[in-house]
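Have a look at the structure below, then the notes.
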2 protein chains.
Amino acid sequence: MARKTKSDTEQTRQQLIAAARKVFALRGVSRTTLAQIANEAGVTRGAIYWHFKNKPDLFFAMLEQVSLPMIHRINENLPAVDLRDPLRGIQASMHEILRLMKEDEIARTTFEIVVLKCEYVDEFASLESRVIKTGCDFMQTLKRAYEEAREQNLLRDGIDPAQCAMESFVFIKGLIHLWLSDVDGTIVRGKAHSLIDAHIAMRYKQVLY
Amino acid sequence: MARKTKSDTEQTRQQLIAAARKVFALRGVSRTTLAQIANEAGVTRGAIYWHFKNKPDLFFAMLEQVSLPMIHRINENLPAVDLRDPLRGIQASMHEILRLMKEDEIARTTFEIVVLKCEYVDEFASLESRVIKTGCDFMQTLKRAYEEAREQNLLRDGIDPAQCAMESFVFIKGLIHLWLSDVDGTIVRGKAHSLIDAHIAMRYKQVLY
DNA sequence: TTATATACAAACGTGAATGTTTGTAAAGGA
DNA sequence: TCCTTTACAAACATTCACGTTTGTATATAA
């Protein structure tokens, strides 16, 4: 077979990842065969075994493509938006997550696979701890923002920043799951943004709107 | 082979369901083979094919065993606990869910499978809509409780009962997922109950504790 | 008591996915 | 120009899970 140039090679790799994402989302990770992925990418299994060790390896390569830039984009919204009001930063960060899932098809599909089309066992069990760890980092950032809000006397009395941060994390976790499950968009998707606003509004000392 | 009496037959069926639950939780639904389940139950695959059509059929039978009584137990806590304070009813219902997951191993394992060890595709895609539907019912009940709370002037100003109900549903969904993911219990499990209390407290007109 | 249906066990056949090996045409270096 | 390596395709061998069929001992009904 015709050997490709270096950029062609990388393109094949990217096509394989894209094909894997598509088939994973359609058939689920376990039920997806490497032949299906190869077929979707217009190559044979030989190409997969050249670029990746096996299915889990391809799976994690697919994750890498989105996880790192995503974490960065979400965190950068947190502190910077409005230094005088950290709650707005949290709010913006949450809206950004939703925006990503709506507009970025790659991110959305990847989320979908991680949440609904993957079983957390054996080689994939490590994914669980990775997700948890990322969540903890996010929670820490949230906590700092809430502490800052309290110092600025914005936070409602009797609210503990750490607990509040965890509750926000639980909230966004649940929201993501429900948003993804609500495929026809009749239950959650239409109201998700205003839900975030309500979630944040409840934390203010006085309700502003 | 020795034919069993009627009660023995039902016992075999229950053993198969218990074995399926155990192996599903360990290996994930897709990777679990019927031979593994039969082996765990101390029978052969012949017994499985006698009692169930195939793996999905066994899977849904396993769900039936817990879903119906569970829904009932959770809902019964909602309105009745304290008619003078519906928010306490919501709170009690949420605590009851946690209690179930902690103390009822069958319920916990089943939750674990549904949340972490199952891919929502093909025959199992219908499970997603079932979960969603159950959630919507729960949300409706929550909404009525919040409306009642508002009529009794317990609810904080500016809170919309429908939105508040959805946020509570999102909260409990996220909490269940994180509780299950937090296997070593260092992050969420120890604080889950107080998180619920904080979630409810934030909805009161004045913070009581 | 005999016949039949029950509740499985055991064996069979089949397809299909995996990992590996072999083949091969072209790219890139010397 | 020639050789080596690359980037796959294609073929192979093996395992394995599934569904089906057949066998069989025994409860139960007649």
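Convention: sequence-line order gives letters A, B, ...; per-chain numbering from 1.
- Between B:E147 and B:R150 there is no salt bridge, since no side-chain nitrogen of the basic residue lies less than 4.0 Å from a carboxylate oxygen of the acidic one.
- Rounded to whole Å, the distance from CZ on A:F52 to P on C:dT18 is 15 Å.
- Between A:K55 atom NZ and C:dG19 atom C1' the separation is 14 Å, expressed in whole Å.
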After noting the C-alpha distance and the side-chain angles of B:K117 and B:E112, does the key distance pass the salt bridge (Lys or Arg N to Asp or Glu O under 4.0 Å) rule?
-> CA-CA 7 Å; B:K117 314 295 176 68; B:E112 209 177 305; 3.5 Å; yes
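- The separation between B:N39 atom CG and D:dC16 atom P is 14 Å, rounded to whole Å.
- Taking atom CZ on A:R45 and atom P on C:dT21, their separation rounds to 14 Å, with Å as the unit.
- Remark: A:T12 is in phosphate contact with D:dC8, judged by side-chain N or O atoms under 4.0 Å from OP1 or OP2.
- Of the candidate nucleotides D:dA9, D:dC18, C:dA9, D:dC18 has the atom lying nearest to any side-chain atom of B:Y49.
- Distance, B:L16 CG to C:dA7 C1': 12 Å, rounded to whole Å.
- Atom-to-atom, CD1 of B:I37 to C1' of D:dC18 comes out at 13 Å; the value is rounded to the nearest Å.
- Between D:dA7 and A:W50, a contact under 4.0 Å exists linking OP1 or OP2 to a side-chain N or O.
- Crowding of A:R27 atom CZ: a count of heavy atoms from other residues, nucleotides or ligands under 6.0 Å not exceeding 12.
- Proximity of B:H51 to the phosphate of C:dA7: no side-chain N or O atom is located under 4.0 Å from OP1 or OP2.
- Rounded to whole angstrom, the span from the CG atom of A:D57 across to the P atom of C:dT18 amounts to 14 Å.
- Nucleic acid contact for A:T44: base, since at least one base atom lies under 4.0 Å from a heavy atom of the residue.
- Listed by chain and number, the residues in a ring-ring contact (aromatic ring centres under 6.0 Å, His included) with A:F124 are A:F59 (sequence neighbours excluded).
- The CD1 atom of A:I48 sits 12 Å away from the C1' atom of C:dT18 (whole-angstrom rounding).
- Relative to the side chain of B:A47, the nucleotides C:dG19, C:dC8, D:dC18 differ in distance, and C:dC8 lies closest.
- Here the closest non-hydrogen pair linking A:L58 and A:L16 is CD1-O, 4.3 Å.
- With D:dA7, D:dG19, D:dA9 as the choices, the nucleotide that has an atom nearest any side-chain atom of A:T9 turns out to be D:dA7.
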